[in-house]
Amino acid sequence: MQRVKRRLSAIMCADVAQYSKLMERDEDGTLDRLRAYREVMSSLTERHNGRIVNTWGDAVIIEFTSVIEAVQCAVDIQNELTLRNADLPEMNRMEFRVGINLGDIMVEGDDIYGEGVNVAARLQELAPRGGIMLSQSVYDQVKAKVALGFEPLGPQVVKNVSEPVETYAVRLGGRNAPAEPVMDPGDAEPETRADSHPQWDKDTQAVANGFEQARRWLRMQPRRVRMCFLLIGFFFVLNLLTTGLSALWFVWPSLPFAFLLVWHFLVGHRNDDVDESPRHGK
């Protein structure tokens, strides 16, 4: 009897959130978008030296020899798909949930099996839309090696796994490492840079967080909305460079674009709600 081959691998599992609803709404458009997004995933997988093991329906399993490459690939995938979704109506956006686990797997030909794969699949089910969920084994390997933030979510009981699985959500764009300790010549104890000017650092971080949230929100808006904000901002900067704040003439050329924004956020969203209401009742 041939002995089963085993190896240690990083396994990524991904699937589309609310895929059945997308198919119900627009089968042809959903399938075309799934093919296009899979091409993106395939290209990024190759770039990070991964291997697509299997695909079925809306799901995909990818194997990596490097856990760091697996996490970086997942981040690149989510960032790229977020950009592609930004130009679509919210009801048509295709968002993937991703789970990554590092574990021992069984190998048979091109297929892989075992608890290492099963845990990755269960992590994917726990991930939010457009999010990435990691196991403890993955977190331990990458926590000090990638420029990402992590949110510990504690042990989760998952199907077909005897012990609870420690889980960590990736916070894209967040910081992972704390401030390095520095010695002040006049002090016997070390202090961190964050403690030197706590109020200044707090205010700076609040501004940075606000800017990042605004940037992400703007990227999620349709192209016409982003263009309106861009033109209004252009007129405002031009106003500052020419007359300063003594004469706020930028308001007048900005009015048509401001009206389009008001129309989009008041009337456009209301129409979306009306379109969606019959489906929620099913």
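Owing to the predicted nature of the structure, the values given are computational and were not obtained by experimental measurement.
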Handout entry: Polar contact flag, side-chain donor to acceptor under 3.5 angstrom, Gln136-Tyr168
Key = yes
Exercise for the section: Return yes if some donor-acceptor pair links the side-chain N/O of Ser43 with the main-chain N/O of Glu39 below 3.5 Å, else return no. Expected result: no
Practice task
Could you tell me whether the side chains of Asn85 and Glu95 share a donor-acceptor contact shorter than 3.5 Å?
Solution key: no
Exercise for the section: Check whether any side-chain heavy atom of Ile100 sits under 4.5 Å from a side-chain heavy atom of Leu123, and report yes or no. Expected result: no
Problem - Side-chain (Asn101) to main-chain (Val119) donor-acceptor, under 3.5 angstrom - result: no
Handout entry: side-chain contact (heavy atoms from CB on, under 4.5 Å) partner of Glu63, chosen from Val53, Asn54, Asp110
Key = Val53
Problem - Check: Gln18/Arg129 side-chain N/O donor and acceptor closer than 3.5 Å - result: yes
Problem - Polar side-chain atom of Arg25 near backbone of Met91 as donor-acceptor pair, under 3.5 Å - result: yes
Problem - Flag if over 12 foreign heavy atoms under 6.0 Å of CH2, Trp252 - result: no
Problem - Backbone of Asp58 reached by a side-chain donor or acceptor of Asp15 within 3.5 Å - result: no
Handout entry: Where Leu88 and Arg93 come nearest, the two heavy atoms and their spacing
Key = O-NE, 3.0 Å
Problem - Whether over 12 other heavy atoms sit under 6.0 Å from Arg51 CZ - result: yes
Exercise for the section: Would you kindly confirm whether Val117 and Val165 end up in one hydrophobic cluster when ILVMFWY residues are joined by side chain heavy atoms under 4.5 Å apart? Expected result: no
